[in-house]
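What follows is one structure encoded as structure tokens, with my remarks underneath.
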Amino acid sequence: MTDSVSPIVLIVEDETDVADTYARWLQDYDVRTVETGEEALKQLDERVDVVLLDRMLPGISGAEVLDEIRSRGIDCRVAMVTAVDPDFDVIEMGFDEYVTKPPDREQLRETVQRLLHRATLDDNLQQYYSLVARKATLETEFSEDHLEANEEYADLLERIETSRATVDDAIGDMDSDSDFIGAVREIMDEDESGFTNTEG
Amino acid sequence: MYNLAEGLPIETVTEIQPGTSLLIAGPAMSGKPDLALDLLAPGLDGGNGLLLVTTNETATAYLDRLERRVTELDQNRVGIVDCSGSSQQGASPNLAIQRVSSPGDLTGISIGTAKLMKQFTHKDITSVRHGLISISTLLQYLDLHTVFKFLHIYTTRITDTQGMGLFTIDDDSHDPQTINTLSNEFDGIVELRETETGEREIRLRGLADASNTWEPFNSET
């Protein structure tokens, strides 16, 4: 979860100069770097917000690290950094995003930002839902004339608009397949994780 | 613009703006899937893609119903996400089908639709009509708040890709509060009802040019 302190980004990359470059680009975050999947699993806890996982690691693979993160139930977003354009397979495996290697500064920063944003989506949507449900209750109970004069209703409409803008900010670009699937996965995780297909 | 041909018996509304999603609400057995297909099928003659998410009938069943509505069905323009649980083989080699094991697996549904959208893009089909039949099945598997969030994401996707969406719901299977809450996520609502004498009626709310009054409705397909 995101605290008031800097979000934590864990970089898993065996080439140290590459890892150092990423760390420099992301220096406004609390960055941790490790060289192998085994070390990544040792470092991982609830405080980590984003993991950048290289596809080709010595020892255990990125996919295995991802499985372990999910099975431990750690609520963080994981992006795969890969030299081959992975298309859907990586998203189907359960990665939240992928970055094509070598990424440039802006690309990497944008990806991390997008994933941090997406982490707020479920809470924002939950709040938006509560407001809309409340509005629906009033509309079910009262006539239109009554509602027009109702202060709570007017206030509610305003709050719904603000809340919706916050949601649309967190939701990302729905023209993008990975953002779309990522957003849906985000709302499923807490309630129905049992249903989510992890077979690939 | 998405032309509706004669699908909607409301003279004032003959086409739909890109990015629009409509909810079709009515009691069980009032012909909601038929109406949805009547509004989706004109796109197939007009060069649009059709992406259907079906929760309780098989892809093949829908293929038959679509064929009855167009002069010649170009299966290249049809993609179906089938969550009905059928493992039916040999539907048709040309038809793009993605199977999802349960209507409760929204992640699977989103991956399936994204794959089919990608196939459309490769074929240079950029205008896509989406159908989801039906929301009521999703509500049997998932909480209202989860379905609400999913519909928010899916209708935003339709807006961002300049598509058009039709979603059906049985309004006699859920309380008015549920219908009201979900209605909020749509640009307009097509309501169906049956009068005491057994006549069917239709009303369109929410869109500009919508008459907002009940009119007779006879679907002959």
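The figures that follow rest on heavy atoms only: side chains count, while hydrogens, waters and symmetry mates do not. Here is how names work: the chains are called A, B, and so on, in the same order as the sequence lines, proteins then strands, and each is numbered from 1.
Annotation: side chain of E186(A) is not in contact with side chain of K149(B) (no heavy-atom distance under 4.5 Å). Taking the side chain as every heavy atom from C-beta outward, V184(A) and Y154(B) never approach each other to under 4.5 Å. Using a 4.5 Å heavy-atom threshold, the side chains of M117(B) and D175(A) count as separate. A heavy-atom distance below 4.5 Å is not found between the side chains of D175(B) and T140(A).
Shown here is K123(B), whose NZ atom has more than 12 heavy atoms of other residues, nucleotides or ligands within 6.0 Å. Counting heavy-atom neighbours within 6.0 Å of M1(B) CE, excluding the residue itself, gives a total above 12. Counted within 6.0 Å of CD on E215(B), heavy atoms from surrounding residues, nucleotides or ligands total more than 12; the atom is thus considered enclosed. Taking a 6.0 Å sphere around CZ of R159(A), one finds it holds 12 or fewer heavy atoms contributed by other residues, nucleotides or ligands.
Heavy-atom distances place the side chain of D168(A), and not its backbone, under 4.5 Å from chain B. Heavy-atom distances place the side chain of F148(B), and not its backbone, under 4.5 Å from chain A. For S130(A), no part lies under 4.5 angstrom from a heavy atom of chain B. Neither the backbone nor the side chain of Q162(B) comes within contact range of chain A; no heavy atoms are under 4.5 Å apart. Neither the backbone nor the side chain of T159(B) comes within contact range of chain A; no heavy atom of the residue lies under 4.5 Å from a heavy atom of that chain. With a threshold of 4.5 angstrom between heavy atoms, K118(B) approaches chain A through side-chain atoms but not through N, CA, C or O.
Of the listed residues (I111(B), I153(B), L182(B), T161(B)), the one with the most heavy-atom contacts under 4.5 Å to chain A is I153(B). Ranked by heavy-atom pairs under 4.5 Å with chain B, the first of I91(A), V132(A), I171(A) is V132(A).
To the nearest 0.5 angstrom, K135(A) atom NZ is 11.0 Å from Q177(B) atom CD. To the nearest 0.5 Å, the span separating CZ on F180(A) from OG1 on T156(B) amounts to 10.0 Å. Taking OG1 of T146(B) as the start and CD of Q126(A) as the end, the distance is 8.0 Å to the nearest 0.5 Å. Atom NZ of K115(B) is separated from atom CG of D177(A) by 11.5 Å, given to the nearest 0.5 angstrom.
Between the R185(A) side chain and the T107(B) main chain, no donor and acceptor come within less than 3.5 Å of each other.
Residue F150(B) comes nearest to I187(A) through the heavy atom pair N-CD1, 3.5 Å, listed as atom of the first residue, atom of the second, then distance. Across all non-hydrogen atoms, the minimal contact from M174(A) to D160(B) is N-OD2, 3.1 Å.
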